[in-house]
Structure formats: C-alpha cells, structure tokens
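Note that these values count all heavy atoms, side chains included, but never hydrogens, waters or copies made by symmetry.
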Amino acid sequence: MNELHDAAGQPSPLGALVDRFGPRLSEMAFEPGLVAAVDQHAAAVRDAVGGHHGLRATLADYVMGFTDALRQIGWDEPTGHDFASLRLTAVCWLIREHGLDAA
C-alpha cells in the first residue's frame with residue numbers, strides 16, 4: 001500500500017493531490033519552461049514548510065490550507081498551467097523527490 005492512502009485505500013490529502021496533479025509531472029520531460037516553473041514553485045513551498053523534518057505532515061497541512069483557499073475563491077483547474085496548478089504540481093514533485101509516496 002502507498003503511504004499516501006489510508007488502510008482502506010482511500011487517498012490522504014497528499015494522495016488525492018498526487019492522484020490529481022501527479023500526471024502533470026510527465027509533461028516536464030517535454031517542456032523545459034515547465035521544469036523551471038515547477039522548480040521555482042518547489043523552492044517556494046520548501047521555504048514555506050521549512051526543512052525536511054516532518055515534511056509529509058507539513059506538506060499535508062500546506063496542501064490543505066492552499067486547496068481550502070482555492071475552494072473559497074472558486075478556482076477550477078485549467079487545461080494549461082496557472083499559479084495554483086504549478087504550485088500543486090510542485091508539491092507532487094517534492095513528494096516524489098523525497099520518496100514520500102513510497103511504502
């Protein structure tokens with residue numbers, strides 16, 4: 001079982017994020033500009049959540065706060081990339097790079 005899902009196989013906040021935005025990571029192989037944008041957003045997220053101690057928990061808190069704010073403003077995921085989708089894709093990249101999705 002993936003650590004981003006609970007015992008019943010339901011996605012945690014990070015699991016739901018990876019399920020929704022993780023597929024966007026594959027686009028990075030073909031779009032150098034996207035790599036740069038995701039890297040910048042990942043750096044901002046790292047700064048916001050602080051170091052690596054308790055990264056999974058702090059990322060989950062960050063994602064819940066960020067997505068709550070998006071819901072409040074009525075944000076819809078675009079086909080392309082906007083600030084919010086880049087930020088959430090960057091969180092997926094951090095999850096992958098730090099092995100937070102491994103069991």
What's the separation between atom [atom1] in [X] and atom [atom2] in [Y], rounded to the nearest 0.5 Å?
| X | Y | atom1 | atom2 | value |
| --- | --- | --- | --- | --- |
| Thr89 | Arg20 | OG1 | CZ | 10.5 Å |
| Glu97 | Cys92 | CD | SG | 12.0 Å |
| His41 | Ser85 | NE2 | OG | 8.0 Å |

Would a 4.5 Å heavy-atom cut-off, applied to side chains only, mark [X] and [Y] as touching?
| X | Y | result |
| --- | --- | --- |
| Thr67 | Leu88 | yes |
| Arg87 | Tyr62 | yes |
| Val49 | Asp61 | no |
| Leu59 | Val45 | yes |

Go through it in stages, so that I can follow the logic: the residues are Leu94 and Leu55, the test is side-chain contact (heavy atoms from CB on, under 4.5 Å), and I'd like the CA-CA distance, side-chain angles, deciding distance and then a yes or no. CA-CA 9 Å; Leu94 288 168; Leu55 185 58; 5.6 Å; no
I'd like to know if [Y] and [X] are part of one continuous hydrophobic network [Ile/Leu/Val/Met/Phe/Trp/Tyr, side-chain heavy atoms within less than 4.5 Å].
| X | Y | answer |
| --- | --- | --- |
| Val63 | Ile73 | yes |
| Leu17 | Phe83 | yes |
| Leu25 | Val35 | yes |

Side-chain ion pair, Arg24 and Glu77, N-O less than 4.0 Å: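 Salt bridge present between Arg24 and Glu77.
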Tell me, with the steps shown, if Arg56 and His98 meet side-chain contact (heavy atoms from CB on, under 4.5 Å). CA-CA 9 Å; Arg56 179 180 284 114; His98 290 283; over 6 Å; no
Judged by modelled atom types alone, do Trp75 and Asp82 share a side-chain donor-acceptor pair under 3.5 Å?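 Yes, side-chain donor-acceptor contact under 3.5 Å.
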